[in-house]
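Order of the sequence lines fixes the chain letters, A, B, ..., with proteins taken first and strands second; residue numbering starts at 1 for each chain. Not measured: the values here are computed from a predicted model. What you see below is based on every heavy atom in this structure, not just the backbone, and it leaves out hydrogens, waters and symmetry mates.
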Amino acid sequence: MASIEPLVQRLSSFSHIKQLQAHLITTGHFGFLPSRSKLIELCAISPFGNLHYATEIFCQIQTPFKNDWNAIIRGFARSNEPKIAVTYYQNMFRKAKNLDALTCSFSLQACSRFLGVFEAKQIHSHIVRFGFTADDRLVTTLLDVYAKSNDLSSARKLFGEMPRTDRASWNALIAGLAQGDQPKEALGLFKRMKTEGLRPDEITVLGAISACSQLGSLPEGETVHSYIKESNLDKNVQVCNALIDMYYKCGSVDKACDVFRSMGCRKSLVSWNSMIMGLGMHGHGSDALKLFNEMSQDGIPADAITYLSALCACNHAGLVSEGLSIFKSMESSGVKPNVKHYGSVADLLGRAGRVKEAYEIIKSMPSKPDIVLWQTLLGACKTYGEVELAEIASRELVELGSHSCGDFVLLSNTYAAHERWDDVGKVREAMKSKAVKKIPGFSFITVKGSIHKFINGDQDHPDWKDIYKKIDEISLRMNGMGYAAETSFVLHDIGEEEKENVLWYHSERLAVAYGLISGGGGDGKPIQVNKNLRICVDCHVAIKLISKIYNREIIVRDRARFHHFKDGTCSCGDYW
DNA sequence: TTAGGGTTAG
């Protein structure tokens, strides 16, 4: 039998595949293994194929050969049901025993799609058993699964054991560490890679930039950017997009704009989305909306993320009518609003005191509202003292199984504002009976290239005594300006154990104090602090005052947005 | 013949 390859080259539709199958059967060549496997592969992975049909052919084969299995596994690995690929793999392992490195590779690709570490570990053991560990490509795929599933220790161990590492394996580990919670380690590897004589490429720098974004460290980001310029990697649109993202996340929306405006390649949808999001997070709502309009003139249609970015920009700047009209325009643009768009609009209305309208929006959703949405509504209820709606939202939250400390505190505070102390007591009881989980708050600051992390009230920093001394000094000077801590509700209602977290030693204040004594940010540069949660109301007041007393610009990046404190005010206009 | 590493939200 001649190769069917020339024939295959000319196939362009599913009916061609069926004709080929008929041809193979009628000519008695279906039993000819390469042709049969090719047919299954075509069905399973070509753009005009049909995975279901591929499995039908496969099932008709009494003893499928290795390549038949591989074709099916490969097809499922890239389908919407990657787990099925692993099921086929396990069947093959039991029945056929003749799997090869490719079988493992396709199956691992499937694992990385559904983050199946358990399955990956099983395949890993087979890789060892079959002696495929010298296969760099296969091991890199395995490393990537571990890294993507956040099993970073396995990823690192594997990397350490590789007989040869190349750029791809370094890249997989760097990206994995950056996207996991080890951005510092990712940057360390990026630096080490250069000293070991491997030249980072665009994929490497994407990982490194992403690490800088996570750290929120502008100096580190600038160093990576210099490397990118030196190596001419700044013509790559993905690299530019990552730089935009990094700069605004590191507090410099101006530098993000510079990158955006001077891109040496065509801007993609992601470039626009990132820039709009960045402007929004820094409170430049109207600039964000200008860009939003400019984008359609540039012939790039907005997608769901564009709309979300524009809506967030409206939220952070309090642009209520603009936000509503953008939301309304979504349908006509053919972009279907999802939970996040509804959440954003509910937030916009809620913050503006239009709590009932926010509730109506939530009710009008085609899908079921999620925890975040009810929390948003609850937050607005607290601000505007809407007890009834607060109770509705809380009930929904309990039903959805939310055990977040914040939910209880908000409800309790809403009651407290109406002096309904019995109800306050009941909420507190409920908190005790359901082990309410609390995410620990932490902040960090980069000083002279190294990162210092602070947890509320911690004394782990080598200079903690000086930091606390500085805080005492700050508090004296603030009290002299008539500052009174807003502890009334917060401390009262959260419960006893919270009391030790005295507001004065909140992580963001420890970081700011350290910034002041260490000259963080350098001459005249702003002190920049990153926090994992939202900044607390009292710290917000305090840092405004600190910026005035010490005549220092302070930038705080919290979970939701940026706050630029200068001369006693904040860029968010106290609206966040 | 077929395989490895990649950018935006929350």
What residues, two or more places apart in sequence or in another chain, satisfy side chain to side chain donor-acceptor pair (under 3.5 Å) together with A:Tyr88?
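A:Tyr88 satisfies side chain to side chain donor-acceptor pair (under 3.5 Å) with no residue once adjacent residues are dropped.
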
Round to a whole Å and report the spacing from [atom1] of [X] to [atom2] of [N].
X        : N     : atom1 : atom2 : result
A:Met281 : B:dT8 : CE    : C1'   : 12 Å
A:Lys148 : B:dT7 : NZ    : P     : 8 Å
A:Tyr307 : B:dA9 : OH    : C1'   : 16 Å
A:Ile45  : B:dT1 : CD1   : P     : 15 Å
A:Leu233 : B:dT7 : CG    : P     : 15 Å
A:Ile123 : B:dA3 : CD1   : C1'   : 14 Å
A:Tyr248 : B:dT7 : OH    : P     : 14 Å
A:Asp245 : B:dA9 : CG    : P     : 5 Å

Can you pull out the residues from residues 180-201 of chain A that lie within a 4.0 Å heavy-atom distance of DNA chain B?
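Nucleic-acid contacts, sorted: A:Asp201.
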
For DNA chain B, what residues of residues 102-120 of chain A have any heavy atom nearer than 4.0 Å?
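Result for residues 102-120 of chain A: A:Leu102, A:Ser105, A:Phe106, A:Gln109, sorted by number.
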
Does a donor on one side chain sit under 3.5 Å from an acceptor on the other, for [X] and [Y]?
X        : Y        : answer
A:Thr103 : A:Asn70  : yes
A:Ser333 : A:Tyr307 : yes
A:Tyr227 : A:Glu222 : no
A:Asp144 : A:Thr141 : no
A:Ser213 : A:Ser210 : no
A:Arg156 : A:Gln182 : yes

At under 4.0 Å between heavy atoms, what does [X] touch on the DNA or RNA strands: base, sugar-phosphate, or nothing?
X        : result
A:Thr141 : sugar-phosphate
A:Arg167 : base
A:Thr140 : base

Please enumerate all residues that pass salt bridge (Lys or Arg N to Asp or Glu O under 4.0 Å) together with [X], with sequence neighbours excluded.
X        : answer
A:Arg164 : A:Asp136
A:Glu230 : none
A:Arg199 : none

Out of [options], whichever nucleotide has its closest atom nearest the side chain of [X]:
X        : options             : result
A:Ile305 : B:dA9, B:dT7, B:dT2 : B:dA9
A:Glu41  : B:dG6, B:dG4, B:dT1 : B:dT1
A:Asn67  : B:dT1, B:dG6, B:dT8 : B:dT1
A:Met277 : B:dA9, B:dT7, B:dG6 : B:dA9
A:Asn273 : B:dG6, B:dT7, B:dT8 : B:dT8

Any donor-acceptor pair under 3.5 Å joining the side chain of A:Asp166 to the base of B:dG4?
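Indeed there is one.
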
Does a side-chain N or O from [X] land closer than 4.0 Å to OP1 or OP2 of [N], or not?
X        : N     : value
A:Gln238 : B:dT8 : no
A:Lys249 : B:dA9 : yes
A:Lys267 : B:dT8 : no

